[in-house]
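To start, the structure itself, in structure tokens.
Both counts, for ligands and for their atoms, begin at 1 and track the order of listing. Everything numeric here is computed off the predicted structure, so don't read it as measured data. Quick note: residue numbers are just sequence positions, from 1.
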Amino acid sequence: MPGWLRDAIFYEIYPQSFKDTNSDGIGDLEGIIEKLDYVKSLGCNALWINPCFDSPFKDAGYDVRDYKKVAPRYGTNEDLVRLFEEAHNRHIHVLLDLVPGHTSEEHEWFLESKKAERNEYSDRYVWTKAAFQGIGGHPYIGGEADRDGCYMLNFFKCQPALNYGFGKVTEDWQMSPDDPACIATREAMKDVMRFWLDKGCDGFRVDMADSLVKEDDENKSATGAIWKNIREMLDTEYPEAAIISEWSNPYQSLKNGFHADFYLDHHGNGYNTLLRDNETPGGDHSFLKKDGNGDIMRFLNDYLPKYDATKDYGYISFITCNHDTPRPRRTLGYDELKLAYALFLTLPGVPFIYYGDEIGMRYLDIPTKEGGYHRTGTRTPMQWDNSKNHGFSNASADKLYLPLDPSEDAPTVEDQLKDPSSLLNTVKELTKLRHEHAALQADAEFEVIYAEQDEFPFVFRRGDLIIGINPSEKKATASLPKNGMKTIYSIGDVELKDASLHMQPQSFVVLK
Ligand code: NOJ
Ligand code: CA
């Protein structure tokens, strides 16, 4: 386990929308370099950058045309190496985004694979043996290649599935995961990883990490075996490199080699009940929504078994949001967001802040861009200040990658820095607190002290600290295991009388 993850607080950057330095309206690597001091000042010491590789951008870069080349619109490979160096000078680690399940339909491997004559890449993707033969249940494309066959899609039409084999081979065109062609796909992905690790990157967020071996991959054991193999390579050659999975199943991901796994917003799971439980009829019952009348047990019943079963293997990552998820500001106000981030920054595991969430940027209702659809509203330009285009770019407004929040009160870094009680300054206090206390970091002990169905507050222990949170509009009280604790940090009003904790509506406390 790379030791640096223990105290890591990540900042996710969608490079298109962070900072444009050459006035073409699109964010770039130079812009990220320019803002590294800002990232540092926020208390984040690690970055995840969404795919920044050559791509036709039909899925915002998740359709990679060349894994080893920075997309010209973002800069050059040299710029990315400089970004690694500048980040490291500031003790910031950098994860790139690895997309192992598919490439762009314009990737050279695929252009070769489509050819009628057999070649090195013929089996790099999943193909049937006839253009008139479908691929049981999976989306596929036929009739586009000289090759007589259909190919499987892994996501959108632009993303053909790389071939890692099938858990159970039932058709003559399917291969077993240990077929040399499937091993070659895995080794090609290792080659991509080595390429960037040798240049100074610190690891990868792994896209759709569970999607490699197709059915029936029971319990994802064949996909897991590939990741175990890749983890062995990392342990031997790059022991400080981290891999973090888009999987949201820690039983499978962490036990198969991932250092951390995202707790994604899946309807009804524990994470979803905390802040985005608004798809069920009857209102928003998120625990962190002040009038949600939420239930912390819905979170704990899902989270605790996962945490207990996997804590010796790796970390579960709480996120404020990501580039696929509605921004939390969509449903929560600033005061609710402060408590939400306070919770995510004091729970176990490795937390992630999505750019702009630290100032409460809004989710915008805007037309789709680069395959974003409903996700586009979460991907708008960072609002730095009150100058032209909120400091994102000098281009004319119609040239911007996406529109900015048009509201009079669009949050900006500049405004929030001036206000000691702003969301941004609260985030900074919280990250500082986490860095100062080993008990708040990824692997420190976690124990539930008070959690009752439909009741507030939620109280838990991390090492020698006790944390209480009352996101509701009602006062709430709980008993502590001991007397004489002292408040070391609080949001809102909290009172301690001997061993009883009295929390006013919308409050948070850390006791020692
Ligand atoms: C998950 C990524 O987060 C998403 O943005 C992308 O569209 C799909 N995987 C396909 O790569
Ligand atoms: Ca630019």
Closest to atom 3 (O) of ligand 1 among protein heavy atoms sits Asp324 OD2, 2.5 Å
closest protein heavy atom to atom 7 (O) of ligand 1 is Asp59 OD2, 2.6 Å
message = Quick check on the Ca ion (ligand 2): does Asp20 put an N/O/S atom closer than 3.0 Å to it?
response = yes
Can you sort out which atoms of ligand 1 are near [X], meaning under 4.0 Å from one of its heavy atoms?
X: Glu246; answer: 1 (C), 3 (O), 9 (N)
X: His323; answer: 2 (C), 3 (O), 4 (C), 5 (O)
X: Arg375; answer: 4 (C), 5 (O), 6 (C), 7 (O)
X: His102; answer: 10 (C), 11 (O)

Pair Glu215 + Lys168, salt bridge at N-O below 4.0 Å
no
inquiry  = Between His390 and Trp384 (judged by ring centroids, cut-off 6.0 Å), do the two rings come close enough to count as a pair?
reply    = no
Is the gap between the ring centers of His323 and Trp48 under 6.0 Å? yes
Nearest heavy-atom contact between Ser393 and Asp20 is OG-OD2, 2.7 Å
If you compare Asp97, Asp207, Val206 by their heavy atoms, the one closest to atom 1 (C) of ligand 1 turns out to be Asp207
From the list Pro348, Pro250, Ser253, side-chain contact (heavy atoms from CB on, under 4.5 Å) partner of Ile316 resolves to Pro250
Honestly, for Arg379 the part within reach of ligand 1 (heavy atoms, under 4.0 Å) is side chain
Under 4.0 Å between heavy atoms, the region of Arg205 that gets near ligand 1 turns out to be side chain
Taking the Ca ion (ligand 2) as the apex, Asn22 OD1 and Ile26 O span an angle, rounded to 10°, of 160°
Can you say whether the rings of [X] and [Y] are parallel (under 30°), tilted (30 to 60°) or perpendicular (over 60°)?
X: Tyr121; Y: Trp109; answer: parallel
X: Phe110; Y: Tyr151; answer: perpendicular
X: Phe155; Y: His102; answer: parallel

Among the N/O/S atoms of Asp28, the Ca ion (ligand 2) lies closest to OD2
Among N, O or S atoms, Asp24 approaches the Ca ion (ligand 2) most closely through OD1
*Might you confirm whether atom NZ of Lys399 has over 12 heavy atoms from other residues, nucleotides or ligands at distances under 6.0 Å?*
no
